Structures are given as C-alpha cells and as structure tokens.
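The model shown is predicted, which means the values in this text are computed figures rather than measured ones.
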Protein chains: 2
Amino acid sequence: MSDTSRNELGRIIKQQRMAVPLTLQELAAMSEVSASHLGRIERGERFPSASILRKVAQPLGFEEDELFTLAGYLSPQSPRVAEAHHPYSGGRLDPYVARVLAEESLDVQRAVIGILSILKSIAKSITKEKR
Amino acid sequence: MSDTSRNELGRIIKQQRMAVPLTLQELAAMSEVSASHLGRIERGERFPSASILRKVAQPLGFEEDELFTLAGYLSPQSPRVAEAHHPYSGGRLDPYVARVLAEESLDVQRAVIGILSILKSIAKSITKEKR
DNA sequence: CTTGACTTTTGCCATTTGGCGAATTATACT
DNA sequence: AGTATAATTCGCCAAATGGCAAAAGTCAAG
C-alpha cells in the first residue's frame, strides 16, 4: 500500500466523519471499531481491512462498495449498484435460468453449455448449406 | 470468521480451481499469491484478505465482487449474474457457465433449461425401465 | 521397486492489523 | 488563571496474514 493511498483514504474518511458530524468515539461506538484504530486509519498510520471498511461505511453514509473502490480493493468502475450491465458481451443471465441451473452439479452445468455449443454449430452449418 | 465460512469459501475456490483446471502453483503464478497460502485458504486454515481475493478472482473466472460476497466482505444484495451464492438450498452456478449463457438471448437461455429437463426425464425413465 | 518430476503441505518467520488502557491535547466552564 | 470533561493519540500486545524453503505426497516411466 502506497503511503499516498493510505493518506488519501484516511483523508476521505476523516472528511466524511467531520461532515456528518461525528467524533472518533461516536463513530467507534456505531461501527464497533476502536477509536484509536479509526484515528490511526484517518492519519494514514494503518490501512483498513475490508471488514473494517464494511463496518464503517454505513455510519458514514457511504455505499458499501464505495470505500472498497477507494481503498483499491475493487476496481474503479464497479457496476455493482443496482441494474448495471455486464462488462462482457452485454447479455444478462435470466434469474430463473440461473436458479434452475445452479441446482445441477458442476458436471451437468458444463455439459449443458457443451450441448449448447454443439447445437449452435449444427444450426450454423445447416443455414450455410441451405443457401 | 466462523470455521464453517472459511471452509465453505475454501471449498468453492478449490472446486473452481479444479474445474478450470489449474494447479496451486499455476494459480499462484497467475495471481501472484504464494501456492502455500492458496493451499491453506482452500483447506480453511487461513481466511483470504480482500487483496488476495482480488488477485485470485480473475484467473479463476469469478466476477470481481463475487468472491467478496462469498467471503462476507460485501452483503449479498446484488444479483448481477443472478444468485451466485446460495441462500436457497441448492448448489452454486459456475461463473464460467453463467458467463457463456449470459451471452445468449433469453429465448435460448430458456430453451437450454427446457432441453435439460427433457434429458433428465429421459434419463430417469431409462434407469427406471432398466431394473 | 525406484527414480524423477510435479503438486501439495508444513514449519517458521516477518509484517500488519486492531484492541485496550494510559497519556496527551483540545474545549468549556467557573 | 485552573480544572473538569471530552477527544485524540501513543505504547504495547495478541492474533492473523502471507511468503519462503524444506518436507511430504503423487504418479508415470524406466
């Protein structure tokens, strides 16, 4: 962890705590994290673990993944909140389909997409033939 | 961290590593995490920190926040790829399978599980017949 | 059975994290 | 000024993380 990112994150947390406003002890009570630790985090002497960030986020009014991103635990564009689109090809997996498949064993799951790809290649060759 | 959640997460990671498939050393090389540490995580002797999870996610084909949720670092509220974790009794949906399927249209996705259920009922009737 | 090449596990250690309690430093109130 | 009172910081410690190197396992070819 670079010194700058520690200080940066600490600065942000402190700024947010002041803005609410809360004292270290109050935030400590709300988040179940010791005030001394919070203080060290704010002035960049310690780097907060994921579980600490999680505890602190809500009392400070941060989105849960926001602090993770700031801390570098999650990559910058996290389309996690609500209905963002998939980074890959844009399709969404239907929840019902997902649920049904999830109940199958891993082998069956893989067999399923194996069969799918076979069917697709057959379909492709058929249409090619046709024309 | 409860013993069960450690073992659970380890089990999932190991299962996924085997499915890819990779050795501990290969995964170690790809993720820049020592093989010994990865081994201990898989068998529940260590709990992976957020940065470890982040490094490991991509080589294993997990969405970046998926492992965070499984580890309890993030709350399980965002069904981006549908429920990859399993509050309901069943198994989990393999990330690779989910990704491939998500690229298909909704019609195709439903057709896939339609075919699956047909194959299952055929298999069932065959085994019944046999005895 | 034995050798040789991998893969996984174990022992040991440095580094970090995070808590508790005691100092220190603001902030009020007489 | 002087002294409560609250807020922050410091010192020290236990527990956990994660790496390295050596010790087991595994498994195929000879």
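Here the C1' atom of nucleotide D:dA16 and the CD1 atom of A:I52 are 13 Å apart, to the nearest Å. Whole-Å rounding puts the A:R54 CZ to C:dG18 P distance at 14 Å. Summarising the geometry, the separation between NE2 on A:H37 and P on C:dT16 is reported as 14 Å, rounded to the nearest angstrom. Spacing between atom CG of B:L38 and atom P of C:dT7 amounts to 14 Å, rounded to whole angstrom units. Between the CD atom of B:E32 and the P atom of D:dG18 there is a distance of 14 Å, rounded to whole Å. Taking atom CD on A:E42 and atom P on D:dC10, their separation rounds to 13 Å, with Å as the unit. Atom CE of A:M30 and atom C1' of D:dA7 are 17 Å apart (whole Å). Taking atom CD1 on B:I41 and atom P on D:dA16, their separation rounds to 15 Å, with Å as the unit.
The distance from atom CE of A:M30 to atom NZ of A:K55, rounded to the nearest 0.5 Å, is 14.5 Å.
Among the nucleotides C:dT7, D:dG11, D:dT9, the one closest to any side-chain atom of B:Q25 is C:dT7. Nearest to the side-chain atoms of A:S51 among the listed nucleotides C:dG18, C:dT7, D:dA7 stands C:dG18. Distance from the side chain of A:R40 is smallest for C:dC20 among the nucleotides D:dT17, C:dT10, C:dC20. Nearest nucleotide to the side chain of A:F47, out of C:dT17, D:dC10, C:dT10: C:dT17. Considering only the side chain of B:T23, C:dT7 comes nearest among C:dT10, C:dT7, C:dG19.
Across all strands, A:E26 comes closer than 4.0 Å to no nucleic acid atom at all (heavy-atom distances). Within the 4.0 angstrom heavy-atom criterion, base atoms lie near A:S36. Contact annotation for B:S34: base contact, defined as any heavy-atom pair under 4.0 Å involving a base atom.
At D:dC10, none of the side-chain N or O atoms of A:R46 fall inside 4.0 Å of OP1 or OP2 (strictly under the cut-off). In this model, the phosphate group of C:dT7 is not approached by any side-chain N or O of B:R17 to a distance below 4.0 Å at OP1 or OP2.
Between A:S75 and B:R54, the closest side-chain pair of non-hydrogen atoms falls below 4.5 Å. Looking only at side-chain heavy atoms (C-beta outward), A:L53 and A:Y73 come within less than 4.5 Å of each other. Side chains of B:V33 and B:P48 form no contact here, defined as non-hydrogen atoms less than 4.5 Å apart.
The residue from A:R17, A:K14, A:H37 that alone fulfils the side-chain hydrogen bond (donor to acceptor under 3.5 Å, both in side chains) condition with A:E42 is A:R17.
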